[in-house]
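All figures in this text were calculated on a predicted structure; none of them were measured in a lab.
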Amino acid sequence: VEVAGACAVALSPGGEHVAVGTVSGPIRQFEASGSGEEMTLEGHTNAIQELAWSPDGSRLASASRDGDVLVWDRTSGRLRRRLEGEAPVHALAWSPDAAELAAADYGGDVRVWDPASGRLLAHVIGEVARTLPAFDWSPDGRTLAILSGRSRVLLWTREWLRIPPESLRRSVEERTGLRLEALSGR
């Protein structure tokens with residue numbers, strides 16, 4: 001299949017479906033066998049940077065230079081959720097149970113969302129390597145490893161990630177008297 005302006009590709013976990021992102025924003029989704037109906041998913045306003053299928057293949061996450069992460073339904077092609085960011089996103093990772101979706105942006109931040117509700121679960125500020133696939137979930141989904149731009153690997157447990165970012169920041173500041181500009185994960 002030829003896709004003009006293709007710049008990102010992802011094969012579904014079972015290998016049945018292919019998603020191709022383009023430099024102008026639309027995503028083409030089709031069956032890998034070449035048979036069946038093709039869909040065009042429209043919602044981004046800039047080049048697609050990354051595509052990632054949920055572990056069960058029912059959802060597709062797309063990240064763009066527009067800073068947003070969109071979550072699509074594979075079957076209908078319907079936009080299920082828009083997760084708004086502040087900088088272009090270059091990497092995505094679903095937790096193994098698909099309960100969380102992590103996104104790294106070129107500003108060095110990692111955001112972790114509940115893709116079903118759209119709720120932001122964690123925001124790790126300025127810690128991620130800005131140009132690499134910067135993180136990965138453990139197979140049991142309990143830990144997110146983040147490659148820091150400061151030559152460190154940060155390990156965040158699922159319980160730590162679920163603390164609302166502002167509550168965590170306030171709690172640490174109240175207990176230590178220090179003002180936190182970024183959560184370091186130490």
Side-chain angles (χ1 to χ4, degrees), residues 5-10 19-27 29 40-55 58-74 77-137 141 143-150 152-154 156 158 160-169 180-185:
C7 59
V9 64
V20 179
T22 65
V23 294
S24 58
I27 300 161
Q29 177 187 305
T40 299
L41 312 176
E42 296 189 33
H44 285 292
T45 59
N46 210 320
I48 303 301
Q49 296 288 104
E50 177 78 8
L51 296 166
W53 291 95
S54 62
S58 67
R59 292 174 286 174
L60 175 69
S62 58
S64 168
R65 287 187 181 269
D66 61 20
D68 292 343
V69 174
L70 305 184
V71 180
W72 307 90
D73 180 81
R74 183 197 54 79
R78 184 176 65 86
L79 178 63
R80 293 176 87 177
R81 188 72 56 201
R82 178 179 296 273
L83 308 170
E84 295 182 10
E86 296 174 11
V89 173
H90 69 85
L92 296 170
W94 289 89
S95 63
D97 64 0
E100 288 98 6
L101 177 62
D105 68 35
Y106 285 111
D109 294 1
V110 173
R111 287 176 177 78
V112 180
W113 284 284
D114 173 341
S117 70
R119 196 180 92 169
L120 181 66
L121 302 174
H123 183 186
V124 182
I125 301 169
E127 283 290 344
V128 71
R130 288 176 164 81
T131 58
L132 302 170
F135 47 74
D136 196 17
W137 291 95
T143 305
L144 179 64
I146 300 172
L147 176 61
S148 169
R150 299 181 182 125
R152 294 182 297 167
V153 174
L154 309 175
W156 292 76
R158 182 173 259 180
W160 185 256
L161 288 170
R162 287 185 183 274
I163 300 171
E166 287 305 311
S167 297
L168 177 60
R169 186 185 314 251
L180 297 179
E181 293 300 321
L183 300 176
S184 69

Give the minimum heavy-atom separation between [X] and [Y], together with the two atoms involved.
X    : Y    : result
A8   : L51  : O-CD1, 3.7 Å
T40  : P26  : CG2-CB, 4.0 Å
A102 : F135 : O-CZ, 3.6 Å
W72  : G43  : CH2-N, 4.0 Å
G77  : L41  : O-CD2, 3.4 Å
V20  : A6   : CG1-CB, 3.6 Å

For [Y], is there any backbone N or O sitting under 3.5 Å from a side-chain donor or acceptor partner on [X]?
X    : Y    : answer
R111 : L83  : no
R81  : A116 : yes
Q29  : R74  : yes
S64  : A47  : yes

### Message
Going by the rule salt bridge (Lys or Arg N to Asp or Glu O under 4.0 Å), which residues pair with E42 if we only count those two or more places apart in sequence or in a different chain?
### Response
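Partners of E42 by the salt bridge (Lys or Arg N to Asp or Glu O under 4.0 Å) criterion come out as none, since no residue qualifies.
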### Message
I'd like to check the salt bridge (Lys or Arg N to Asp or Glu O under 4.0 Å) partners of D66; sequence neighbours left out, ordered by chain and number.
### Response
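None.
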Taking atom [atom1] of [X] and atom [atom2] of [Y], what is their separation to the nearest 0.5 Å?
X    : Y    : atom1 : atom2 : value
D136 : S95  : CG    : OG    : 11.5 Å
L144 : W137 : CG    : CH2   : 5.0 Å
C7   : R65  : SG    : CZ    : 8.5 Å
D73  : R59  : CG    : CZ    : 9.0 Å
L60  : L70  : CG    : CG    : 9.5 Å
L92  : S62  : CG    : OG    : 8.0 Å

### Query
Are side-chain N/O atoms of H123 and D109 paired as donor and acceptor at under 3.5 Å?
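Yes, side-chain donor-acceptor contact under 3.5 Å.
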### Check ion pair R119-D114 (N to O, under 4.0 angstrom)
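A salt bridge is absent here (no side-chain N lies under 4.0 Å from a carboxylate O).
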### Message
Measuring only between side-chain heavy atoms, which start at C-beta, is Q49 closer than 4.5 Å to V89?
### Response
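Result no, sub-4.5 Å side-chain heavy-atom pair not found.
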### Message
My understanding is that only residues two or more places apart in sequence, or in another chain, count here; which of them pass side chain to side chain contact (heavy atoms under 4.5 Å, CB included) with P55?
### Response
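So P55 forms a side chain to side chain contact (heavy atoms under 4.5 Å, CB included) with W94, A98.
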